[in-house]
Amino acid sequence: MSKRNVALIILTGLLLGLGCGTLGPVAALAVVAVVVAVSVILCRYEVAVFILAAFGVIDTVLRAFGGALGSVWDELFFILLVMLWIFKWIANRKDEGFKTSPMDIPLFIFISAMIICLIINSPDYSIALEGFRAIVQYMLWYFVVIQLLRGEKTAKGVTTFFVIVVGLLALHGIYQYIIGVEMPAGWVDQNEAGVRTRVYSIFTSPNIFGSLLTLASPMAISLAVVNKNTKGKILFAIIVLCMMASLVFTSSRGAWIGFAVAIGIYVLLKDKRLIIPCIVCVVLVVVAVPSVGNRISYMLSPEYIESSLKGGRLVRWITGLKIFANQPVFGIGLGHFGGAVAINHDLQTIVDTEVVKTFYMDNYWLKTAVESGIVGFSAFAALMYSVVVNGFRTMKIASTKLSRELSTGIMAGLCGVIVHNFFENVFEVPMMTSLFWMFVAVVMNIWYYEYKKINN
């Protein structure tokens with residue numbers, strides 16, 4: 001054992017002993033844990049990104065048991081990462097400077113468009129500012145994460161950790177299905193039969209849990225493909241199956257569509273010959289699992305359309321389009337209709353001479369158009385286009401199998417989430433927005449190092 005390790009053990013023992021005598025054993029252990037964590041992160045600062053990869057679990061636990069910390073921990077953690085970035089920049093200034101990527105300008109353009117909408121059209125400035133924060137704040141993770149990550153090995157480590165965390169949540173979802181976890185009556189249309197339960201793991205919505213599984217599943221497939229160890233391949237293959245099963249049990253049609261797009265993109269990028277087997281698998285699932293077949297067939301029935309026009313997605317989309325048509329350029333104002341901010345403030349607006357209380361639009365693209373008009377919608381569409389295009393460019397220039405597989409799996413998952421946003425306000429959930437932009441940063445981190453190889 002080296003003298004350095006002996007010194008660390010002695011120092012830890014002293015801290016623990018002093019802490020137990022003055023603070024008590026629990027508080028002393030907490031202090032030592034924080035000191036050790038800070039020491040590890042300062043030595044390997046990219047480890048901090050692993051905490052962000054477990055955002056959903058940490059956020060749920062802290063909101064349930066952390067008191068006031070539960071509502072501010074992510075902001076505090078963001079500040080910590082910024083400080084860590086500054087430390088890294090000072091400590092390793094000669095080795096690695098400020099990283100830039102093709103996603104920087106599209107993000108700045110989108111944020112600028114939101115600022116313009118905020119300045120020009122804010123019926124209630126405090127609400128608009130809150131709406132702006134809800135849209136922009138979690139995008140900022142991208143700028144910090146890309147600076148902290150290193151090469152492809154770090155990208156693989158973060159992705160692997162995220163996939164394992166979601167895999168455990170998928171197992172929990174399967175357990176919920178087995179025990180028939182109770183669900184609110186509103187999660188299934190009263191005219192719909194055959195849905196015994198909808199799983200949601202530790203979250204409050206099966207749709208968001210389905211979106212998380214959609215994001216993670218293609219990454220798990222990539223890790224199974226790239227893993228050189230047979231046991232590793234089997235482990236990730238099992239995780240993929242658990243994720244798919246749990247996704248089926250969410251009964252989230254929007255997530256199913258997003259997942260289908262994600263897997264379709266993955267297959268097209270990997271081997272087009274797999275398209276027909278994938279279609280056959282989908283047909284078998286629809287036929288073999290009654291709840292899936294019933295859920296899809298009901299969605300295509302006249303009864304569903306009638307029900308949806310009364311109080312479902314269709315009437316919400318029609319209402320949103322009417323509001324957008326009345327104020328098409330800059331919209332009704334950030335945070336003023338269609339999302340959490342408007343609901344928290346109990347806002348309402350006039351549609352066809354009727355006063356309509358706000359609701360979740362169940363379509364983040366339309367919600368963006370309603371609140372920020374053509375200006376905001378165009379900027380958002382250009383931003384999503386940039387994510388897709390730059391992700392595909394990263395796959396093309398990837399020089400190793402690991403980089404290529406990681407970028408393919410991550411991009412497929414990101415595309416699935418982008419599509420799911422057409423049927424759900426996925427980006428209204430801090431966890432999903434944070435994870436989305438974290439993985440955009442992971443892909444652009446791969447691009448950065450591959451681009452350096454080409455130009456050196």
**Request:** Take Ser217 and Phe259, measure what side chain to side chain contact (heavy atoms under 4.5 Å, CB included) needs, and give me the verdict at the end.
**Result:** CA-CA 8 Å; Ser217 297; Phe259 175 78; 3.7 Å; yes

**Message:** Before you tell me yes or no, could you show the steps for Leu383 and Met103 under side chain to side chain contact (heavy atoms under 4.5 Å, CB included), namely the whole-Å CA-CA distance, both residues' side-chain angles and the distance that decides it to 0.1 Å?
**Reply:** CA-CA 8 Å; Leu383 182 61; Met103 281 305 305; 3.8 Å; yes

Atom pairs and distances, side-chain donor-acceptor, residues 52-59, under 3.5 Å, sequence neighbours left out:
unit_1	atom_1	unit_2	atom_2	d
Asp59	OD1	Arg63	NE	3.0
Asp59	OD1	Trp73	NE1	2.9
Asp59	OD2	Arg63	NE	3.0

Side-chain heavy atoms of [X] within contact of [Y], under 4.5 Å:
X	Y	value
Ile202	Phe209	no
Trp447	Asn390	no
Phe380	Phe427	yes
Ile263	Ile221	yes
Phe162	Leu435	yes
Asp104	Tyr142	yes
Thr250	Asn207	no
Ile418	Phe436	yes

Short side-chain to backbone donor-acceptor contact, [X] and [Y], under 3.5 Å:
X	Y	value
Ser71	Ala68	yes
Ser307	Glu303	no
Ser301	Tyr298	yes
Ser201	Gly173	no
Asn425	Asn363	yes
Arg253	Arg295	yes
Ser246	Cys242	no
Lys233	Ala224	yes
His420	Ala255	yes

**Fill in**
residues 256-279 vs side chain to side chain donor-acceptor pair (under 3.5 Å), sequence neighbours excluded, gives Tyr266-Glu405, Lys270-Glu405, Asp271-Arg273

**Request:** Could you name each residue pair satisfying side chain to side chain donor-acceptor pair (under 3.5 Å) that touches residues 151-166, not counting sequence neighbours?
**Result:**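 Found Glu152-Thr400, Glu152-Ser403.
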
**Message:** Would you say the rings of Tyr175 and Phe249 are close, in the sense that their centroids are separated by under 6.0 Å?
**Reply:** no

Nearest heavy-atom pair of [X] and [Y]: which atoms, and what distance?
X	Y	value
Phe337	Lys367	O-CG, 3.9 Å
Leu309	Leu314	CD2-CB, 3.9 Å
Ala170	Leu213	CB-CD2, 4.0 Å

**Item:** Nearest-0.5 Å distance that lies between atom CD1 in Ile296 and atom OG in Ser251
**Value:** 10.0 Å

**Item:** Pairing residues for Val181 by the side chain to side chain contact (heavy atoms under 4.5 Å, CB included) criterion, not counting sequence neighbours
**Value:**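 Partners of Val181 under the side chain to side chain contact (heavy atoms under 4.5 Å, CB included) test: Gln176, Thr197, Tyr200.
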
**Request:** Tell me, please, which residues at least two apart from Glu75 pass side chain to side chain contact (heavy atoms under 4.5 Å, CB included).
**Result:** Val72, Arg133, Gln137

**Asked** Who are the side chain to side chain donor-acceptor pair (under 3.5 Å) partners of Asn445, not counting sequence neighbours?
**Response**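 Testing Asn445 for side chain to side chain donor-acceptor pair (under 3.5 Å), a comparison that skips the adjacent residues, returns Lys99.
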
**Item:** side chain to side chain contact (heavy atoms under 4.5 Å, CB included) between Tyr448 and Lys452, intermediate numbers included
**Value:** CA-CA 6 Å; Tyr448 176 82; Lys452 279 183 70 175; 3.4 Å; yes

**Asked** Quick one: do Arg313 and Glu424 make a salt bridge, cutoff under 4.0 Å?
**Response**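 Here Arg313 pairs with Glu424 in a salt bridge, since their nearest N and O are under 4.0 Å apart.
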
